[in-house]
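Okay, so here's the structure we're looking at.
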2 protein chains.
Amino acid sequence: MTEPTTLGNELLRSAARLSRWASRHASFDVPFAQARLLALLDELGPSRVSALAAADHSSQPTITTQLQRLEASGWVHRASDPDDARATVISLSEEGHAALESVRRARLAVLSPALDQLDGPALDRVRVAIDVMNELLAAAADAPVPHPTRKDG
Amino acid sequence: MTEPTTLGNELLRSAARLSRWASRHASFDVPFAQARLLALLDELGPSRVSALAAADHSSQPTITTQLQRLEASGWVHRASDPDDARATVISLSEEGHAALESVRRARLAVLSPALDQLDGPALDRVRVAIDVMNELLAAAADAPVPHPTRKDG
DNA sequence: CAATTTACATAGACAACCTATGCATATCAA
DNA sequence: TTGATATGCATAGGTTGTCTATGTAAATTG
């Protein structure tokens, strides 16, 4: 039952469902992908557009579009890179930090009823889950797949 | 450092990133949400539209739209419920099963380079991750949140 | 300095959602 | 039975998220 064959699919399915559930039930005003980008900016600090695209595993135009929305909301600042006039350095504004915090609070509120039922050992298992997914992402970054985004054959 | 305050957010962030990464790198022809719905149908068996919406944590019109796409691809069948003329019973077709299998193979292929590096104990940790997320989803279903989808206040 | 590459923006398309609403059938009450 | 209400699904219309293809300006390179 626990063949490696199904393990990867089960992991992805559970992760997708948890994300889906959280994005459906957590009530906050920041659209999902924009919240993801705010969190990434908070983690990386001021970054170029292309660096954000790479870190987020999305295309550069996608990030450009999202940044326009974040900027329209006043959540990020934009500065040209003194070393390269083509490049733009994006950073979180005060309001962006605040928006990110509100997202985190909302998510926590929605998960709390479930998390609060857990005891110490169960919390350790949650920590394992986080670590495992992060490790897989890191390993995947090291050993990239043959053809990233092809759809036909 | 492992305060419960951040644990939930970290879990959701890692789950979202893993899903994002997989949907970006796994190359198959079935759109992400449609694959999710195929998997759900495979798991639940023939189901009503509203049952699928509830199980997927999405709205009924969303499921209706996705089912129209799945039906256009020949992946599901539609039958009226003999007990209730308003209701429709959806089931996977042969082609739907095949499509789901191809999705699973593609996902596995994209995760394999990372999974193959893991030894037995590491695989056990993956299993823990899956179980933890499933348990949290089940717990969340038991203890629903006050106001599911409100955005203002 | 011309050619190429790099960094980002724009254009256009589709998928994935949502809320509001419509329509048909079921159910319930009188 | 029939009118009111509830339920199950479809439709309408809009926003968000994402992609590929392409354009533009600046950097790099021969």
Side-chain angles (χ1 to χ4, degrees), chain A residues 16-17 19-38 40 47-54 56-73 75-76 78-90 103 147-152, chain B residues 16-17 19-38 40 47-54 56-73 76 78-90 147-152:
Chain A
R17 285 184 178 174
S19 288
R20 168 79 197 135
W21 174 83
S23 81
R24 168 82 167 162
H25 289 87
S27 52
F28 49 85
D29 292 326
V30 187
F32 189 75
Q34 293 177 40
R36 206 180 65 220
L37 192 44
L38 288 178
L40 193 59
S47 310
R48 290 186 173 191
V49 173
S50 48
L52 292 172
D56 193 50
H57 302 294
S58 56
S59 71
Q60 169 263 310
T62 293
I63 298 297
T64 291
T65 299
Q66 298 294 18
L67 286 176
Q68 287 166 350
R69 292 170 181 167
L70 293 182
E71 200 178 11
S73 300
W75 292 332
V76 298
R78 184 182 287 269
S80 43
D81 187 330
D83 297 335
D84 189 336
R86 297 167 303 177
T88 307
V89 176
I90 307 294
V103 166
H147 42 267
T149 49
R150 289 306 308 286
K151 294 278 178 175
D152 61 33
Chain B
R17 285 183 179 174
S19 289
R20 168 78 198 134
W21 174 84
S23 80
R24 167 84 168 163
H25 289 86
S27 51
F28 50 83
D29 292 326
V30 188
F32 189 75
Q34 293 176 42
R36 208 179 64 221
L37 193 45
L38 288 179
L40 193 59
S47 310
R48 291 186 172 190
V49 173
S50 49
L52 292 171
D56 194 50
H57 303 294
S58 56
S59 71
Q60 168 264 309
T62 293
I63 298 298
T64 290
T65 300
Q66 299 294 19
L67 286 176
Q68 287 166 351
R69 292 171 181 167
L70 293 183
E71 198 176 12
S73 299
V76 298
R78 185 180 285 269
S80 44
D81 188 329
D83 297 335
D84 188 336
R86 297 166 303 176
T88 308
V89 176
I90 308 294
H147 43 268
T149 48
R150 291 306 309 285
K151 293 277 178 178
D152 62 31

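Protein chains get the first letters and strands the later ones, always in sequence-line order, with residue 1 at the start of each.
Positionally, the nearest nucleotide of DNA chain D for Ala33(A) lies more toward the 5' end than for the other of Ala33(A) and Asp83(A). Sequence order on DNA chain D of the closest nucleotides to Leu67(B) and Ile63(A) puts Leu67(B) first from the 5' end.
At the heavy-atom level, Ser50(A) lies under 4.0 Å from the strands shown only through sugar-phosphate atoms. Note on Thr88(B): only backbone sugar-phosphate atoms sit closer than 4.0 angstrom, heavy atoms only; bases stay farther off. Residue contacts for Thr65(B): at a heavy-atom cut-off of 4.0 Å it reaches no nucleic acid atom on any strand shown. Using a 4.0 Å heavy-atom distance criterion, Asp81(A) is classed as making no nucleic acid contact. Residue-level contact check: Arg48(B) touches the backbone only, with heavy atoms under 4.0 Å from sugar-phosphate atoms and none from bases.
When Asp56(B), Ile90(B), Leu70(B) are each tested for a side-chain contact (heavy atoms from CB on, under 4.5 Å) with Ile63(B), only one passes: Asp56(B).
Whole-Å rounding puts the Asp56(B) CG to dA15(C) P distance at 17 Å. Counting to the nearest Å, the P atom of dT11(D) and the CZ atom of Arg69(B) are 13 Å from each other. Straight-line distance from the CD atom of Gln68(A) to the P atom of dC8(C): 13 Å, rounded to whole Å. Atom CD of Glu71(A) is separated from atom C1' of dC8(C) by 13 Å (rounded to the nearest Å). Between Arg24(A) atom CZ and dC18(C) atom C1' there is a gap of 8 Å when expressed in whole angstrom units. Following rounding to the nearest Å, Arg86(B) (CZ) and dT5(D) (P) show an atom-to-atom distance of 17 Å. Phe32(A) places its CZ atom 13 Å from the P atom of dC18(C), with the value rounded to the nearest Å. When rounded to the nearest whole Å, the span between CD of Gln60(A) and P of dT6(C) equals 14 Å.
Note on Arg20(B): every side-chain N or O is 4.0 Å or more away from OP1 and OP2 of dG17(D). Between Gln66(A) and dT18(D) there is a side-chain polar atom (N or O) within less than 4.0 angstrom of OP1 or OP2. Taking 4.0 angstrom as the limit, Arg78(B) places none of its side-chain polar atoms (N or O) nearer than this to OP1 or OP2 of dG8(D). For the OP1/OP2 pair of dC19(D) and a distance below 4.0 Å, the side-chain nitrogens and oxygens of Ser59(A) include at least one atom meeting the criterion. Regarding contacts with the backbone of dA15(C), every side-chain N or O of Gln34(B) stays at 4.0 angstrom or more from both OP1 and OP2.
Arg20(A) places a side-chain N or O within 3.5 Å of a backbone atom of His57(B) that can act as its donor or acceptor partner.
Side-chain atoms of Thr64(A) lie closest to dC8(C) of the nucleotides dC8(C), dT5(C), dT19(C). Nearest to the side chain of Ala87(A), among dC8(C), dT16(D), dC9(D), sits dC8(C). Closest to the Asp84(B) side chain, of the nucleotides dT25(C), dC17(C), dT19(C), is dT25(C). Of the listed nucleotides (dC18(C), dA11(C), dC8(C)), dC18(C) has the atom at the smallest distance from the side chain of Thr62(B). Minimum atom distance to the side chain of Val49(A) is reached by dC8(C), of the listed dC8(C), dT11(D), dT18(D). Among the nucleotides dT16(D), dT25(C), dC18(C), the one closest to the side chain of Ala85(B) is dT25(C).
A distance of 9.0 Å separates OG1 in Thr88(A) from CG in Leu67(A), rounded to the nearest 0.5 Å. Taken to the nearest 0.5 Å, the CH2 atom of Trp75(A) stands 11.5 Å off from the CZ atom of Arg69(A).
Side chains of Thr64(A) and Gln60(A): a donor-acceptor N/O pair is present below 3.5 angstrom, by distance only. Side chains of Thr65(A) and Thr62(A): no donor on one and acceptor on the other come within 3.5 Å.
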